[in-house]
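Note that the structure is a prediction, hence the values are computed from the model and not measured. Note that ligands are numbered from 1 as they come in the structure, with each ligand's atoms numbered from 1 the same way.
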Amino acid sequence: MAAHNQNDKKTTSSEEVISPITPSSMDTAPIDLGHIEVLQILNEHGEVDAGLEPEIGHDRLLEVYRAMVLARVFDKRMMTMQRQGRMGTFAPNLGQEACIIGQVTSLTEKDWFAPSYRSFGAQIMRGWPMEHLMRLWAGFHDGFPPPSNVNDLPFSIVIGSHALPAVGIGMGMKYKKKNDCVVVNYGDGASSQGAVSEALNFAAVYKAPIVFICENNGWAISTPTSKQSANEILAAHGTAHGIPSIRVDGNDILAMMCATKEATDRARNGGGPTFIEAITFRMSLHTTADDPTVYRDESEVEKWESRCPIVRFETYLKNKGVLETDSIERILASCEEEVLRARDTFYKMPDADATEIFDHLYETFPKELHEQRAEYMQRLKQKGVGE
Ligand SMILES: Cc1ncc(C[n+]2csc(CCOP(=O)(O)OP(=O)(O)O)c2C)c(N)n1
Ligand SMILES: [Mg+2]
């Protein structure tokens, strides 16, 4: 349609007649931009669409449920520790547990995961010890590199910047004829970054084995999705690049698991990338430095409370006879115990060497920095730091 309009304008400004571009005059078939499927398997009351229900063993269902609960317990503990002055900052993921856990359930240890900063639930599931993540958020540089047995990129703070390296990892897998794939996630805000468009385009053209998860949680700090993109259907970014794309209820764990499984199967089978727009909501603040009450209406948050992904999954598991009320309490207690154990391990970890801020910059240390380091150490001594 856009092409027709453009040509119409040209004919009115001159006598020259330009024949309109029609699909039949193109070499390749046009992509159907109008049809983007929406997937929901568990409705807001936790009732399952029997026609879409996946066959997942009870043990696996419970494992996934526990991962969601653990993510929430970790989240709450980290918020408390930050408010106690024991964390640098933290980006909570309250209410997005289905979205984050569901996107890694079909990954193997050989696959790669390229996360943004709100992804600790998936990182824990991928094998990051929780004390390692605590170290990271407390600002110790040894917390940042992924554990050696985990194929993850360090999480990206420069939003969207990790999409290109993620595609590069996928291309490496392709060249080496591996059967593996990559999952990369980023938010509605990051979706406006140029690097993300480049990544989508490259992956689509070269059929990289990658799954793009766009976590549309309604907000990019104080910018709502409506101000981020004139087309709020962000899955259209995928379709526009010729990538099979779908919108998924991101608070529905079964939908997230199924959509990601189909996408990772496609990637492994040489079908190239998939774009999943996961529709969810950031229930809490952006990070501990933020106060959302100054820019968003509380009623919006209340609306999403009834869509809690954990409660919804619990209802499903109860109806299925997989979970009972006392096992809910037991699972919660064991997650709390696990998080507290990690916290205690974290507290026993060594302090940073305060002079390290001067290291790793120069091969040959400049004279001025020698002086600055000496002065800095003198000041630390005066303040009693490191004694
Ligand atoms: C390139 C870049 N620009 C700006 C920022 C500052 N910033 C940090 S988070 C953020 C919002 C990101 O929102 P979104 O992508 O929707 O992710 P969410 O925080 O909602 O999970 C911005 C603008 C940044 N980190 N990187
Ligand atoms: Mg967002």
Side-chain angles (χ1 to χ4, degrees), residues 68 71-72 74-75 78-79 82 87-104 113-124 133 136-137 139 144 152-167 183-200 211-238 247-251 256 275-297 300-301 303-304 307 309:
M68 290 168 69
R72 183 162 295 187
F74 180 83
D75 197 324
M78 290 293 276
M79 288 299 290
Q82 201 280 337
M87 280 294 141
T89 183
F90 182 61
N93 201 40
L94 188 71
Q96 295 182 223
E97 293 86 355
C99 175
I100 196 64
I101 299 297
Q103 60 184 264
V104 291
F113 179 50
S116 56
Y117 45 80
R118 208 181 292 289
S119 305
F120 55 85
Q123 289 174 301
I124 297 168
L133 291 168
L136 190 172
W137 283 105
F144 230 85
D152 287 4
L153 290 184
F155 71 55
S156 161
I157 292 179
V158 182
I159 58 172
S161 61
H162 57 308
L164 280 164
V167 174
V183 164
V184 57
N185 72 26
Y186 57 86
D188 41 284
S191 75
S192 301
Q193 290 293 110
V196 172
S197 296
E198 291 171 32
L200 291 171
V211 183
F212 295 94
I213 312 263
C214 179
E215 300 176 346
N216 184 353
N217 64 2
W219 293 88
I221 314 185
S222 55
T223 305
T225 306
S226 57
K227 292 245 172 75
Q228 192 66 241
S229 173
N231 180 358
E232 283 186 63
I233 299 176
L234 301 182
H237 293 191
R247 302 190 95 195
V248 175
D249 180 340
N251 283 19
M256 280 304 297
F275 189 105
I276 296 174
E277 177 191 357
I279 300 150
T280 181
F281 191 75
R282 198 197 78 213
M283 295 295 289
S284 186
L285 22 82
H286 169 70
T287 64
T288 47
D290 176 45
D291 174 10
T293 60
V294 299
Y295 57 78
R296 82 176 177 189
D297 193 341
E300 197 186 344
V301 182
K303 198 176 76 188
W304 280 86
R307 298 173 185 164

Tell me if the centroids of the rings in Phe144 and Trp137 come within less than 6.0 Å of each other. no
Could you check whether Phe120 and Phe155 have their ring centres less than 6.0 Å apart? no
Hey, what's the angle at the Mg ion (ligand 2) spanning O (Trp219) and OD1 (Asp188), nearest 10 degrees?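 It comes to 110°.
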Pair Ser116-Ser156, side chain to side chain donor-acceptor pair (under 3.5 Å): steps then yes or no: CA-CA 5 Å; Ser116 56; Ser156 161; over 6 Å; no
Report the C-alpha separation of Asp291 and Thr293 in whole Å, then their side-chain angles, then the decisive distance to 0.1 Å, and conclude whether the side chain to side chain donor-acceptor pair (under 3.5 Å) test is met. CA-CA 6 Å; Asp291 174 10; Thr293 60; 2.6 Å; yes
So, Asn216 and the Mg ion (ligand 2): N/O/S under 2.8 Å, yes or no?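 It does not; every qualifying atom lies at 2.8 Å or beyond.
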Nearest heavy-atom neighbours spanning Ala98 and Asn251: CB-C, 3.7 Å
Minimum heavy-atom separation for Tyr117 and Ala91, please, with both atom names. CD1-CB, 3.9 Å
NZ/NE/NH1/NH2 to OD/OE distance under 4.0 Å, Asp75 and Arg118: no
Output the set of protein residues with a heavy-atom contact under 4.0 Å to ligand 1, ordered first by chain identifier and then by residue number. Tyr117, Arg118, Ile157, Val158, Ile159, Gly187, Asp188, Gly189, Ala190, Gln193, Asn217, Trp219, Ala220, Ile221, His286
